[in-house]
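Proteins get letters first, then strands, A, B, ... in listed order; numbering begins at 1 in each.
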Amino acid sequence: MNLNELTAHELIDQISSSQISPQDVHKSVRDQIDAVDSKVKAYLRLNDNPQNYDAASPYPIPIAIKDNMCMQGIETTCASKILQGFKSPYDATVIRKLKDSGAILVGNTNMDEFAFGSSTENSAFGPTRNPWNLDCVPGGSSGGSAAAVAANEAIWSIGSDTGGSIRQPAAFCGVVGLKPTYGRVSRYGLIAFASSLDQIGPFTKDVRDSAMLLNIIAGYDPMDSTSADVPVPDYTKALTQDVSGLKIGIPKEYFIDGLDAEVKAAIDESIKVLKDCGAEFVEISLPHTEYAVATYYIVATAEASSNLARFDGVQYGLRSFPEKVRKSSLIDMYEESRDQGFGPESKRRIMLGTYSLSSGYYDAYYLRGLKVRTLIKNDFEKAFESVDAILTPTSPTTAFKVGERSDDPLSMYLSDIFTISANLAGIPAMSMPCGFSQDGLPIGLQLLTKAFDEEMLFRIAHTYEQNTEWHKRRTKFN
Amino acid sequence: MTTTQTQFETVIGLEVHVQLSTHTKMFCSCQNIFGEDPNTQVCPVCLGLPGSLPVVNKKALEFAIRIGCALGCKINSFVKFDRKNYYYPDCPKNYQISQFDKPICYEGAIDIPTEDGTHKTIGITRAHLEEDAGKLVHADDCSLVDYNRTGTPLLEIVSEPDMRSPQEAYDYLQKLKLILSYLDVSDCDMEKGSLRCDANVSIREMGATEFGTKTELKNMNSFKAVRTALEYEINRQHKVVLSGDKVIQETLLWDENKMMTVSMRSKEAAHDYRYFPEPDLVPFTVEQSTIDEVKHHLPELPEPKLNRFIDEYKLSEYDATIIIQERCKANFFEDCLKIYPDGKKVSNWLNGAVLQEMNARKSEITDINLTPERLVELIKKVDDDTISNLVAKDVLGMMLDSGKSSAEIIDEKGLAQVSDDGALDALIDELVNEHQNIVEQIKAGKDSAVGFLVGQAMKKSQGKANPKKVGELIKRRLLDG
């Protein structure tokens with residue numbers, strides 16, 4: 001195998017025994033980018049000056065960063081025209097932690113504009129393709145980050161997950177994607193979509209790498225009031241192979257009509273694997289599941305409408321004046337800049353959110369949304385009184401074709417139907433490969449646990465992984 | 001006009017924004033200072049740069065609680081912030097972090113004096129924490145933004161519509177400022193913008209219980225301007241109603257040069273601020289013990305101090321009122337009283353000669369060269385007849401100029417009074433020779449003529465003669481002889 005196809009823990013073993021250098025790994029990754037990224041289009045820009053290589057640092061691993069995390073002196077666009085040219089004067093906390101650990105920042109990855117989407121087709125700079133089938137989407141919104149790891153264009157990558165934006169592309173691209181507990185990883189420097197739902201997390205090729213990368217980025221940050229002052233365990237210690245006696249819940253509400261038969265078969269097969277390892281499975285109910293998508297689109301768009309208000313052409317990014325007006329007013333400048341800067345999905349969500357917060361509608365929409373969110377959260381709390389974890393499909397289908405759903409926002413929104421609840425409840429959730437469809441597309445299974453119990457996720461996921469081979473498959477390009 | 005105007009009652013409520021003088025800004029660690037070069041006191045957080053997040057300044061919270069306690073407010077131990085959404089270039093996030101449904105302080109009151117010598121209570125609805133906006137500077141063909149002020153902690157104090165005249169509004173502001181000045185929480189300088197006031201005003205028929213349609217007045221740069229603008233606006237509303245029209249709900253700007261209000265926006269154009277809970281700040285609870293602690297450490301407030309000064313030091317209400325106008329002056333007064341028993345005398349000095357010197361030097365009592373010990377020493381020099389009251393006032397001026405003590409100055413300049421009989425007898429000899437007619441008058445029983453001779457004696461001695469002694473000696477010589 002080429003170096004770029006290895007996992008970080010395999011590479012670190014070789015680096016620490018001086019068989020290879022961090023430069024070798026970076027070069028291998030860059031060669032792969034040169035070879036395939038014109039097809040995959042995972043990256044928006046590459047970092048030509050990724051700092052010093054330090055073989056002695058704990059994690060000298062090439063990592064790709066979703067283009068919504070601020071990196072000092074480097075353009076950060078959220079794949080939007082409105083932020084073109086914006087160079088952050090500061091590093092996001094996650095970036096700082098990665099730099100401190102010696103990680104090699106390879107470049108910034110494509111995404112749905114402002115993380116609004118499930119296919120990475122909403123990027124202002126063109127879609128990313130699924131490395132397993134270039135006609136398909138990689139999922140989204142962190143499609144570039146998922147595709148970069150799946151295409152071996154990075155060893156690790158970082159994404160953000162507001163309603164499934166790490167887990168759904170992880171499932172579509174056949175990699176491990178983790179959305180940590182809300183508050184586990186600092187959001188400082190993450191350009192906000194929906195502040196109460198956003199969480200940064202890792203994409204990796206296997207579960208051990210996921211635990212390692214979470215070790216680096218997790219922890220309380222005084223710059224983020226929503227980050228939790230909860231001790232961070234060494235997550236690699238949770239990588240046992242023992243699930244005997246664990247009770248895993250299967251929520252009946254997740255096995256719906258739209259669930260693809262191949263996906264369902266793969267999930268059933270995974271349940272069997274874990275049963276053989278000693279886990280006990282029970283059917284559970286999460287009764288408010290059917291309201292999750294509606295609740296999410298009320299809460300998330302309301303926050304987004306306010307979070308995106310700052311993109312107005314005044315301080316940074318795109319500024320535009322209407323052509324035919326001789327003397328433009330401030331309002332003209334706002335309107336023209338935002339009209340030209342934002343893509344259609346961003347406009348749609350800003351309008352939705354503005355509407356639900358408006359006087360006269362607030363109680364019926366936003367306030368009601370918050371109440372249902374509490375009910376959804378309560379569903380999980382109740383469930384976790386009797387089970388240690390919950391297992392579901394990550395997405396109802398495998399990756400769909402580019403263009404297939406882009407004219408139908410509702411069908412697009414439904415591809416996150418299984419992932420949204422974890423964000424609303426603030427609990428951790430992971431997607432990992434659990435099979436392939438007949439036409440060769442990856443299938444993902446999702447594990448969920450109670451807040452701040454990522455260790456349980458790693459324990460179950462690692463056990464599953466050690467008893468299957470899916471994580472060893474690599475994409476091939478001709 | 002006046003007769004018809006008396007049919008109406010005025011209703012006024014005030015919104016006062018107080019900039020809190022914390023070291024750092026409300027949600028970031030930038031310095032909270034005034035007068036620096038534009039855009040030098042900024043960071044990603046107060047610039048609202050993408051990805052930045054706010055962190056609550058605990059000191060600002062403490063200041064707000066302190067003010068709330070001093071205004072008799074209840075304190076919301078559940079601290080929650082909200083976003084107020086509006087687009088304007090001085091607001092870099094295009095939303096202001098404020099408090100909507102859970103203000104940190106609520107249901108307080110301020111007493112203001114009334115003409116009949118009693119007090120009237122003005123309710124305080126609420127006081128909430130928020131962040132200040134930046135400053136726009138308009139040039140010919142562009143506008144510039146200075147974000148230094150962005151993120152300065154503000155407490156917005158909202159009164160009940162309890163005031164019935166512009167004078168009451170003025171008195172409320174004076175009293176509020178006085179209380180704030182005791183709390184060390186703000187400069188309260190309207191010119192610097194650290195205290196700003198908007199006024200809501202309406203009129204209604206005398207005896208009516210419903211409120212009339214109100215207008216909101218903005219852009220008043222002093223308490224006097226608030227009073228004048230209210231007078232103007234009330235008069236305008238009277239004219240509107242008396243002519244059969246209706247007052248329109250609108251926001252008006254006070255134009256200090258034209259001395260009139262100008263319409264800024266009507267209710268139809270009013271903002272929908274789309275308030276919602278600030279998701280970047282998790283609500284938290286302030287422990288009751290913390291609130292008790294703040295309450296416990298409140299300084300003595302102006303009103304209790306006034307009453308105590310009247311009781312304890314036998315001051316007149318007038319004297320005491322002037323003394324307590326500034327907390328440092330009241331402290332100075334009390335420090336004097338620790339080493340000198342006569343409150344009346346100290347207050348006469350503080351409200352007389354010392355005040356004149358302060359005004360002449362445009363300085364506070366803490367900024368002039370005077371300690372309570374030095375002032376008491378000076379007063380004692382008058383008490384023991386070392387110098388006269390008149391000379392003492394000059395000595396005070398010299399003390400402040402030179403930083404020397406009264407004793408040093410009296411010594412150096414030879415200002416001690418002459419009380420020695422021999423020296424004074426010689427002086428009186430001269431006077432008796434020069435003013436024979438006055439001598440006759442005194443001998444004839446005209447007592448007031450003695451005063452004239454004493455005055456002449458003071459003149460001749462350049463103030464150094466002890467006037468009491470001179471008077472006694474004259475009488476003894478002319479009447480007893």
Side-chain angles (χ1 to χ4, degrees), chain A residues 68-70 76-78 83 86 88-93 183 186-192 194-198 221-228 299 302-303 305-317 327 330-331 333-334 338 353-362 366-367 370, chain B residues 27-29 39 42-58 79-97 100-101 134 136 138 140-147 150 269-284:
Chain A
N68 60 353
M69 284 164 237
C70 290
T76 305
T77 65
C78 289
L83 270 173
F86 167 68
S88 170
Y90 73 101
D91 275 334
T93 299
S186 168
R187 294 186 299 113
Y188 189 75
L190 168 70
I191 301 181
S195 312
S196 73
L197 301 161
D198 294 344
D221 179 9
M223 296 295 278
D224 175 3
S225 305
T226 66
S227 77
V299 174
E303 292 180 15
S305 72
S306 175
N307 282 332
L308 269 63
R310 72 189 68 193
F311 307 114
D312 60 1
V314 173
Q315 262 194 86
Y316 46 78
K327 196 166 193 280
L330 175 67
I331 302 291
M333 191 268 279
Y334 282 156
R338 288 170 69 82
T354 304
Y355 181 78
S356 68
L357 287 177
S358 294
S359 156
Y361 300 98
Y362 181 87
Y366 188 73
L367 201 60
L370 290 187
Chain B
F27 298 114
C28 64
S29 53
N39 298 315
V42 292
C43 75
V45 177
C46 57
L47 287 176
L49 290 188
S52 65
L53 296 170
V55 177
V56 174
N57 181 338
K58 290 280 159 66
V79 181
K80 164 181 175 275
F81 289 90
D82 300 274
R83 289 188 187 174
K84 178 181 181 179
N85 295 283
Y86 67 96
Y87 280 80
Y88 208 61
D90 64 4
C91 178
K93 302 185 294 294
N94 286 325
Y95 60 80
Q96 177 193 34
I97 305 177
F100 182 55
D101 57 339
L136 281 183
H138 299 287
D140 284 345
D141 57 346
C142 67
S143 296
L144 303 167
V145 200
D146 176 6
Y147 294 108
T150 309
H271 287 121
D272 176 359
Y273 289 118
R274 302 191 309 280
Y275 280 101
F276 75 105
E278 166 57 287
D280 287 331
L281 294 169
V282 183
F284 60 95

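In this structure, chain A has heavy atoms under 4.5 Å from both the backbone and the side chain of B:F276. When heavy atoms are compared at a cutoff of 4.5 Å, B:F284 does not approach chain A at all. When heavy atoms are compared at a cutoff of 4.5 Å, B:D280 approaches chain A by way of both its backbone and its side chain. Both the backbone and the side chain of A:T354 come within less than 4.5 Å of a heavy atom of chain B. With a 4.5 angstrom heavy-atom cutoff, A:A194 does not touch chain B via any of its atoms.
Inspection of the A:S306 and B:N85 side chains reveals an N or O donor paired with an N or O acceptor under 3.5 Å.
When all heavy atoms of B:P50 and A:F86 are compared, the pair lying nearest together is CD-CZ, 3.6 Å. B:L53 and A:Y188 get closest at one heavy-atom pair: N-CE1, 3.4 Å. Of all heavy-atom pairs between A:R310 and B:P92, the closest is CB-O, 3.6 Å. B:V55 approaches A:S225 most closely through the heavy-atom pair CA-OG, 3.7 Å.
Under a cut-off of 6.0 angstrom, the local environment of OH in B:Y87 is crowded, with over 12 non-hydrogen atoms contributed by other residues, nucleotides or ligands.
Using a 4.5 Å heavy-atom threshold, the side chains of B:P44 and A:M223 count as separate. With a 4.5 Å cut-off on side-chain heavy atoms, A:F311 and B:N94 do not count as touching.
Remark: A:E303 engages no residue in a salt bridge (charged side-chain N to carboxylate O under 4.0 Å, His left out) (not counting sequence neighbours).
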